[in-house]
Amino acid sequence: MVFTLYVDMDYFFAACEEVRHPELKGKPLVVGTAPANERTRGVVQTANYVARKYGIKSGMPNMDAFALCKEHLNYLQSDEPYYEEVSAGIMELFKSYKRPVEVISVDEAAMDITGLSNEEAVSLAKEIKSRIKEKFGLTCTIGICEGKTFAKMASDEAKPDGLMLVETNKIKDFIASSELSKIPGVGKKTLERLNEMRINTVEELAKADPMVLIDAFGSAGKELYMAVNGIDNSKIIENYETLSIGREITLKKASSDMDEIKPVLEKLAEDVHAELVKKNYRFKNVGAKVRYTDFTMSVRSYSLRNYTDSKEQMLEVGVKMIAQLLKNGPVRKVGIRVSKLIGTKGQKSLF
Ligand code: DCP
Ligand code: CA
Ligand code: CA
């Protein structure tokens with residue numbers, strides 16, 4: 001297992017906003033998808049910890065957040081380009097340590113710290129925390145453990161502004177003491193499915209028949225089984241976040257008809273795929289973009305569980321996202337883009 005230092009920024013979007021609106025610090029704050037003058041529409045992307053005390057959570061309708069917090073709730077519309085920029089600076093700081101870094105999401109990254117002692121790992125984490133505080137005015141939580149999955153669990157456990165090291169011989173106890181829903185990969189749907197299978201605790205999952213789990217969840221079932229048994233063989237894969245490959249095209253006439261648009265998307269996916277293969281990359285993220293007849297643009301993006309170079313997967317995800325976007329009206333332009341690329345050079349194909 002890879003000795004991992006896992007960083008997850010605290011209440012990231014809202015924390016970024018507190019930096020440029022210091023007067024909001026200490027007051028309940030929600031960052032949501034809707035513009036401020038339509039704040040009761042849309043959903044909460046995140047809330048600061050003051051607002052969380054009222055029960056406000058990521059993903060809930062803004063309406064519910066306002067109902068939960070009877071006092072004045074501060075609301076700001078999400079400004080993702082700004083958060084991406086802050087994120088890029090933070091990732092650059094991690095990468096400056098010249099160790100392999102995998103950027104997991106806009107506010108999470110895993111660093112391979114193989115060779116460090118526990119003490120050295122903890123002091124590195126302290127240094128990173130104070131440099132992030134100093135340079136960006138933000139707090140983060142760091143988990144340190146053998147195995148990326150367990151390091152992530154440690155960071156979740158120590159939130160906010162925390163630091164937690166799980167010693168190698170304590171990994172099993174740490175997992176056993178965790179709730180099933182806190183195991184990475186156990187989302188709402190997986191949890192429901194597991195409960196249907198009469199698996200309600202980590203202990204029960206660890207003792208389940210791995211074949212049954214593979215049957216129900218495919219390869220994710222195997223990873224889950226191994227994880228609850230203290231094994232995480234995942235590697236830290238350096239990625240090149242900034243790289244992406246995309247194609248877009250203006251339609252001959254505006255359309256909201258998927259039967260018309262699908263062949264266009266197939267061609268775009270084919271072109272993107274050809275360049276991907278030529279450059280020896282695999283991708284983990286698929287983006288879709290449309291331009292409506294009033295010239296407004298809309299984008300969506302979806303992260304896959306694993307890196308792939310499958311054209312079919314790209315198209316499937318792309319078609320789904322475009323289909324969603326078409327519900328808002330006819331479009332004049334469509335595009336597909338893949339990002340979160342890694343090189344496959346020198347790696348053997350599985351097929
Ligand atoms: N996000 C979002 N929609 C969600 C969940 C999250 O847009 N349903 C965005 C806003 C978050 C950011 O992603 O700030 C990071 O998500 P996290 O799950 O890491 O949550 P936070 O960083 O907000 O809080 P925490 O301190 O719990 O990590
Ligand atoms: Ca976070
Ligand atoms: Ca996160």
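Every number for a ligand or one of its atoms is a count from 1 in the order of the listing.
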Heteroatom test (N, O or S) for T141 near the Ca ion (ligand 2), limit 3.0 Å: no

Geometric class of the F66/Y75 ring pair [parallel <30°, tilted 30-60°, perpendicular >60°]: tilted

Name of the residue among T4, N169, T168 meeting side chain to side chain donor-acceptor pair (under 3.5 Å) with E146: T168

Top protein contact for atom 17 (P) of ligand 1, by heavy-atom distance: D107 OD2, 4.2 Å

Step-by-step side-chain contact (heavy atoms from CB on, under 4.5 Å) determination, L341 to L276: CA-CA 9 Å; L341 307 180; L276 193 79; 4.1 Å; yes

Protein contact of atom 23 (O) of ligand 1 - nearest heavy atom, named by residue and atom, plus distance: T46 OG1, 2.5 Å

Residue, atom name and distance, where the atom is the protein heavy atom closest to atom 28 (O) of ligand 1: K159 CE, 3.0 Å

Ligand 1 N/O within reach of M9 N/O, cut-off under 3.5 Å: yes

Minimum-distance atom from the Ca ion (ligand 2) among N, O or S atoms of D107: OD2

Option nearest atom 5 (C) of ligand 1 (shortest heavy-atom distance, choices A14, S87, S58, G32): S58

F12 N/O under 3.5 Å from ligand 1 N/O: yes

For atom 12 (C) of ligand 1, closest protein heavy-atom neighbour: F13 CE1, 3.9 Å

Side chain, backbone, both or neither: the part of V106 lying under 4.0 Å from ligand 1 by heavy atom: neither

Contact check: D8 to the Ca ion (ligand 2), N/O/S below 3.0 Å: yes

Basic-acidic side-chain contact under 4.0 Å: D161, K129: yes

Any donor-acceptor pair under 3.5 Å from N62 side chain to V44 backbone: yes

Proximal candidate to atom 21 (P) of ligand 1 [heavy atom criterion; set Y49, Y83, Y11]: Y11

Cationic N near anionic O, under 4.0 Å, R247 to E275: yes

Charged N-O contact under 4.0 Å between E204 and K207: no

Test: E238 and K95 ion pair at under 4.0 Å: no

NZ/NE/NH1/NH2 to OD/OE distance under 4.0 Å, D232 and K152: no

Nearest neighbour of atom 20 (O) of ligand 1 from the list Q45, K57, R52, on a heavy-atom basis: R52

